[in-house]
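A quick write-up on the structure given underneath.
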Amino acid sequence: MTTKQHRRDFIKQTVCAGIGAGVLSQFPFSGMAAGTVATGKRIGIIGLDTSHSTSFTALLNDPATGDAFKGYKVVAAYPYGSRDIETSASRIPGYITTVQAKGVQIVNSIPELLGMVDVVMLETNDGRLHREQAVQVIKAGKQLFIDKPIANSMADAIAIFDLAKKNNVPIFSASSLRFTEGMEEVLSGKKIGKVLAADAYSPAKLEKTHIDFYWYGIHGVEMLFTAMGTGCKTVTRFYQNDMDLVVGVWEDGRMGTFRGTRCGKALYGGTIFGETGNATYGGYSYERILHKIIDFFETGISPVPAAATLEICAFIEAAQKSKLKGGKPIQMQEIFKQYHYKT
């Protein structure tokens, strides 16, 4: 087949309905073919509305990385992705160009993507779409990493995990802030002994389509749970327009706080208080979480238990309920019972 025929066939494939037709038809494919990557190592990305997609692709498809990521490469991407959150949707055309330059083929649909790849990274910034998109991947039997947030409701998160279990498909979800530098040493007890309490802070910008902390505060909330572990009992949220302070009390009496900021410089960090000293945390890199993702693809073992992710969802929804009730403490069991979830 001639080069012109290849080009003509691809352009024909990338014409689709709605706004997709206007965007995808501008970007004919050039670069890495799926067949050049070993079977079992082909990654597909869903969602080019977040910089995570371009950052992960840059690391994985860079020849200079050698075998750091065990031969895994991004070979195809489905761009959508949010269509109605302007700050996300407006990124898609530029990010299509960026990943194409790294040899990634742009496809029209998730089913088309699934026919070309072995494993999937669901990167869509819009948590409302995660359940619908994850269902297609899980039913196809593909291992799946779901970037933050796992969803925009605990109901959707439970449904995703239940379907994955039913179909025996390994999945995991996490924020990159879970894997901050030095956390392994802290959590092992070697650095500061037993963790007694923790404070965490991160940006917590709000998006009207999402429950507050599912949108951006998820980073700081996950940092808090990384330090404290599961077992939160009550959640109290003190809300102001530019800032939130959320206090969690754990079943063993320990206390942890999350401060979400919407003014000033956007930073991530916190303090972990231990028996023999304190430790600061918050340094992170996409490379660290990417190594966790690749290990997960290799082993099928999630580094984050489903129960931990679901408790984070419950914490977020308890904080939302506390806000709506003027700062009233909310029992985590209220949220678990609401969704008929047994811990």
Side-chain angles (χ1 to χ4, degrees), residues 47 49-55 82 84-92 94-95 123-128 147-153 174-183 197-228 232 234-249 255-273 278-286 289 312-330:
D49 59 344
T50 168
S51 61
H52 293 194
S53 300
T54 55
S55 296
S82 182
D84 62 351
I85 300 175
E86 193 278 333
T87 55
S88 294
S90 62
R91 299 172 176 177
I92 293 174
Y95 288 170
E123 295 297 324
T124 301
N125 213 24
D126 189 340
R128 297 172 299 170
D147 213 330
K148 62 82 192 166
I150 187 170
N152 186 42
S153 71
S175 158
S176 58
L177 271 297
R178 172 173 286 276
F179 304 106
T180 63
E181 187 174 357
M183 280 303 296
D199 297 332
Y201 60 83
S202 80
K205 294 179 287 186
L206 305 181
E207 164 52 47
K208 63 183 179 181
T209 62
H210 281 61
I211 293 172
D212 289 353
F213 296 151
Y214 279 126
W215 182 245
Y216 220 88
I218 179 68
H219 289 305
V221 173
E222 187 140 6
M223 289 172 65
L224 177 62
F225 272 81
T226 302
M228 295 288 289
C232 184
T234 65
V235 179
T236 307
R237 179 178 175 186
F238 302 94
Y239 169 85
Q240 296 294 320
N241 287 338
D242 291 335
M243 192 168 293
D244 281 289
L245 181 63
V246 187
V247 180
V249 178
M255 298 177 67
T257 65
F258 163 59
R259 185 180 298 272
T261 60
R262 289 181 288 277
C263 63
K265 189 172 183 179
L267 296 171
Y268 304 85
T271 303
I272 303 172
F273 304 90
N278 300 338
T280 58
Y281 67 135
Y284 74 99
S285 74
Y286 291 133
I289 189 173
I312 287 171
C313 292
F315 181 95
I316 288 171
E317 299 201 18
Q320 191 78 359
K321 192 169 186 178
S322 178
K323 172 190 172 183
L324 295 175
K325 291 184 175 291
K328 176 185 174 182
I330 302 298

### Query
Parallel, tilted or perpendicular: which fits the ring planes of Phe213 and Phe258, with parallel below 30° and perpendicular above 60°?
perpendicular
### Task
Look at the side chain of Asp242 and the backbone N and O of Cys263, then say whether any donor-acceptor pair between them is shorter than 3.5 Å.
no
### Message
Tell me the closest heavy-atom pair linking Gly127 and Pro149, and the distance in Å.
### Response
CA-CG, 4.1 Å
### Task
For Asn152 and Ile211, indicate whether the former's side chain and the latter's backbone hold a donor-acceptor pair under 3.5 Å.
yes
### Query
Minimum heavy-atom separation for Met255 to Ala197, with atom names?
O-CB, 3.2 Å
### Query
Judged by atom type as modelled, is there a donor-acceptor pair below 3.5 Å linking the side chain of Arg91 to the main-chain atoms of Asp49?
yes
### Query
With distance as the sole test, does Ser53 use its side chain to make a donor-acceptor pair with the main-chain N or O of Gly47 at under 3.5 Å?
yes
### Message
Counting C-beta onward and ignoring hydrogens, is there a side-chain heavy-atom pair between Lys148 and Leu177 closer than 4.5 Å?
### Response
no
### Query
Nearest heavy-atom pair of Asp126 and Ser82: which atoms, and what distance?
OD2-OG, 3.5 Å
### Message
Give me the atom names and distance for the closest heavy-atom approach of Val235 to Phe315.
### Response
CG2-CD1, 3.6 Å
### side chain to side chain contact (heavy atoms under 4.5 Å, CB included), paired with Asp244, selected from Phe238, Tyr239, Tyr201
Tyr239
### Query
So, does Thr226 use its side chain to make a donor-acceptor pair with the main chain of Glu222 at under 3.5 Å?
yes
### Query
Is the closest basic N to carboxylate O distance between Arg262 and Asp212 below 4.0 Å?
no
### Message
Hydrogens and angles aside, do Glu317 and Tyr214 bring a side-chain donor and acceptor to less than 3.5 Å of each other?
### Response
yes
### Query
Of all residues at least two apart in sequence or in a different chain, which pass the side chain to side chain donor-acceptor pair (under 3.5 Å) check with Thr257?
Asp199
### Query
Are the side chain of Thr234 and the backbone N or O of Ile330 linked by a donor-acceptor pair below 3.5 Å?
no
### Message
For a 4.5 angstrom cut-off between non-hydrogen side-chain atoms, does Tyr268 reach Pro203?
### Response
yes
### Query
So Ile85 and Arg128, side chain to side chain contact (heavy atoms under 4.5 Å, CB included) or not? Walk me through it.
CA-CA 11 Å; Ile85 300 175; Arg128 297 172 299 170; 3.8 Å; yes
#### Entry: Euclidean distance, Tyr95 OH relative to Ser90 OG, rounded to 0.5 Å
8.5 Å
### Task
Would you name the heavy atoms of Asn125 and Ser88 that are closest together and state the gap between them?
ND2-OG, 3.1 Å
### Query
Nearest 0.5 Å, what's the OG-CD distance between Ser153 and Gln320?
12.5 Å
### Task
Considering non-hydrogen atoms only, spot the tightest contact between Val246 and Ala319 and give its length.
CG1-CB, 4.3 Å
### Task
Quick one: pull up OH in Tyr216 and OG1 in Thr261 and give me the separation to the nearest 0.5 Å.
10.5 Å
### Heavy-atom side-chain proximity of Ser51 to Tyr286 below 4.5 angstrom
yes
